[in-house]
Amino acid sequence: MNAHSDSAHASPPLLEVRHLKVHFPVNRNLMGRPRAWVKAVDDVSFSIHKGETLSLVGESGCGKSTTGYALLGMLLPTSGELFFEGQPLDARDSQSRSLARRQMQIVFQDPFASLNPKMSVGESIGEPLRASGLSSQEAALRVEKLLDMVGLPRSCRDRLPNQFSGGQRQRIVIARALALQPRLIICDEPVSALDVSIRSQILNLLLELQRELDIAYLFISHDLSVVRHLSDRVAVMYLGHIVELAETEELFTHTLHPYTQALFSAIPRIEPGRKNTRRLILQGDLPSPLNPPRGCPLVTRCPHRQPVCEQSMPELQEIRPGHSVACFRADEWNR
Ligand SMILES: Nc1ncnc2c1ncn2[C@@H]1O[C@H](COP(=O)(O)OP(=O)(O)O)[C@@H](O)[C@H]1O
Ligand SMILES: [Mg+2]
């Protein structure tokens, strides 16, 4: 893990996301025109540096997975720009798609759904290698190496996925994600579907691989103690927006945004060293991204709201070094 702050870097970040929006058309009329849009991701900007872990946290439905899919080109953004080491990525352009496919991979939550049950482990891991032009012999050698890297015996390669436990399957999925030597892996809740007893083994594997290969992770999770353990920086999402972004210890010890306060208040103990221990319970329910509030996204639930919060959207602003917050009252919380 490396400590990074956006401003400290002269070379372009590994991945840069500028003003990403993903709006899903819903409720189409007879002519097929959408009557409404779900604003799943609504103007999100961040960057990920080489070898860094950036975590995305926030309640279910806040747009974390959609953000990940848009980075990979698995769905088309409504607007916004993506750059990989300064090169623009455009999911509509085939050259750019193949760059993205080579450099970025994803590990999903459910290792049971991620593997073709009819393909042997060796075929699954070797598939991207053969598609990239390797001979079957070269691919077979590389598959053995990949199995070593994820801590599985080479004899696994001839067996079918149903002969493995959830944790072993997630190792197979990770081996397949590593096949083309990506620089960034999007880990979308990679241990949430696994038994608690084996979660830390998979998390440690991800950390070891990062140390060895200098891979960056976009780590999507709702488990804040895991996030604190393995992230360099954390971005907090609410209703399609990033409301706070900082280096991990900075975020946990100088929590500024009321939403982050509420998120952290919901877990029993994430101290030590946390200065700001105001507990905050949000009022009301999470609004629908189909009909988000005007102004600040948190306005309907925030106990600190003021008239300005209903009128316009606060921008993400750097309030402390490397620590950005989207709240009109951020300076007050920083005192
Ligand atoms: N294909 C889709 N069509 C319409 N709405 C969608 C689609 N995919 C996701 N959504 C909605 O977008 C929002 C964000 O979803 P998602 O990114 O999966 O959230 P998270 O991963 O944070 O739980 C949710 O309200 C979800 O219902
Ligand atoms: Mg998700």
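Order of listing sets the numbers, starting from 1, for every ligand and every atom in it.
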Inset, instruction - Using the six-membered ring wherever Trp is involved, compare the ring planes of Tyr238 and Tyr259 and label them parallel, tilted or perpendicular (cut-offs 30° and 60°). - result: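 Aromatic pair Tyr238/Tyr259 classed tilted.
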Inset, instruction - Determine whether Val107 and Leu213 fall in the same hydrophobic cluster, where Ile, Leu, Val, Met, Phe, Trp and Tyr are linked whenever their side-chain heavy atoms lie under 4.5 Å apart. - result: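 Per the 4.5 Å side-chain linkage, Val107 and Leu213 are co-clustered.
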Inset, instruction - Assess whether atom CG of Asn29 is packed by more than 12 heavy atoms of other residues, nucleotides or ligands within 6.0 Å. - result: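 It does: Asn29 CG has more than 12 such atoms within range.
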Inset, instruction - Run through the protein N/O/S atoms less than 2.8 Å from the Mg ion (ligand 2) and write them out by chain and number. - result: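 Hits for the Mg ion (ligand 2) below 2.8 Å: Ser65 OG.
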Please tell me whether [X] and [Y] have a donor and an acceptor in their side chains that are separated by less than 3.5 angstrom.
| X | Y | value |
| --- | --- | --- |
| Ser65 | Asp188 | yes |
| His241 | Asp43 | no |
| Glu249 | His254 | no |

Legend entry - Inter-residue atom distance Leu146.CG - Arg142.CZ, 0.5 Å rounding: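 Rounded to the nearest 0.5 Å, the CG-CZ separation comes to 4.0 Å.
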What are the distances between nitrogen or oxygen atoms of ligand 1 and protein nitrogen or oxygen atoms, counting only those under 3.5 Å?
from     : atom 1 : to    : atom 2 : distance (Å)
ligand 1 : 17 (O) : Thr66 : N      : 2.9
ligand 1 : 17 (O) : Thr66 : OG1    : 2.5
ligand 1 : 19 (O) : Gly63 : N      : 3.3
ligand 1 : 21 (O) : Ser65 : N      : 2.9
ligand 1 : 21 (O) : Ser65 : OG     : 2.9
ligand 1 : 22 (O) : Cys62 : N      : 3.2
ligand 1 : 22 (O) : Gly63 : N      : 3.0
ligand 1 : 22 (O) : Lys64 : N      : 2.9
ligand 1 : 22 (O) : Lys64 : NZ     : 2.9
ligand 1 : 23 (O) : Gly61 : N      : 2.6

Legend entry - NZ/NE/NH1/NH2 to OD/OE distance under 4.0 Å, Arg176 and Glu127: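 Result for this pair is no, no salt bridge flagged.
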Legend entry - Any Val26 side-chain heavy atom under 4.5 Å of Leu290 side chain: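 Yes, their side chains come closer than 4.5 Å.
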